[in-house]
Amino acid sequence: MRSDEMLTVPEVMAKLKVSRWTVYQLIRSGELGSVLVGERCRRIPESALNDYVTRLCEEAA
């Protein structure tokens, strides 16, 4: 297992300052990687969030 911290959807919402709907839309579209823990617990590896933000910054440059 990688040493990534696993973030909850509310934690990602706070970091990106976006709505729950937006986070789930990013997950559904494949732009933001996530894993399912059990049947209902969605977790986002911190590295996936960092990769997403890096891509946004590169696209904006």
Side-chain angles (χ1 to χ4, degrees):
M1 183 170 164
R2 296 183 346 195
S3 62
D4 281 345
E5 180 177 350
M6 300 299 272
L7 304 171
T8 63
V9 169
E11 289 171 331
V12 173
M13 289 167 52
K15 288 178 181 282
L16 293 178
K17 296 179 177 32
V18 298
S19 70
R20 177 180 300 273
W21 186 88
T22 299
V23 173
Y24 279 108
Q25 194 66 18
L26 290 169
I27 291 168
R28 275 191 290 277
S29 71
E31 292 182 70
L32 181 61
S34 70
V35 296
L36 194 58
V37 179
E39 291 182 27
R40 296 178 44 98
C41 295
R42 182 66 61 181
R43 296 294 182 262
I44 297 93
E46 194 167 30
S47 63
L49 180 60
N50 291 337
D51 291 346
Y52 173 69
V53 171
T54 299
R55 282 193 310 274
L56 287 178
C57 291
E58 289 171 353
E59 290 171 7

Chemist: To the nearest 0.5 Å, what is the distance between CD (E46) and NZ (K15)?
Modeler: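 Separation between the atoms: 5.5 Å.
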Chemist: Does R43 have any side chain to side chain donor-acceptor pair (under 3.5 Å) partners at least two apart in sequence or in another chain, and if so, which?
Modeler: none
Chemist: Linking Ile, Leu, Val, Met, Phe, Trp and Tyr through side-chain heavy atoms less than 4.5 Å apart, which residues share a cluster with I44?
Modeler: L7, V9, V12, M13, L16, V18, V23, Y24, L26, I27, L32, L49, Y52, V53, L56
Chemist: Considering residues at least two apart in sequence or located in another chain, which fulfil the side chain to side chain donor-acceptor pair (under 3.5 Å) criterion with R40?
Modeler: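 If we apply the side chain to side chain donor-acceptor pair (under 3.5 Å) test to R40, skipping adjacent residues, there are no hits.
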Chemist: Restricting to non-hydrogen atoms, name the atom on A48 and the atom on G33 that form the minimum distance, rounded to 0.1 Å.
Modeler: CB-O, 3.6 Å
Chemist: Closest approach of S34 and P45, non-hydrogen atoms and distance?
Modeler: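 Smallest interatomic distance, heavy atoms only, reads CA-CD, 4.1 Å.
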Chemist: Under the side chain to side chain donor-acceptor pair (under 3.5 Å) test, which residues partner S29, sequence neighbours left out?
Modeler: E31
Chemist: Working to the nearest 0.5 angstrom, can you tell me the gap between N50 CG and R55 CZ?
Modeler: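 Reported to 0.5 Å precision, the distance equals 11.0 Å.
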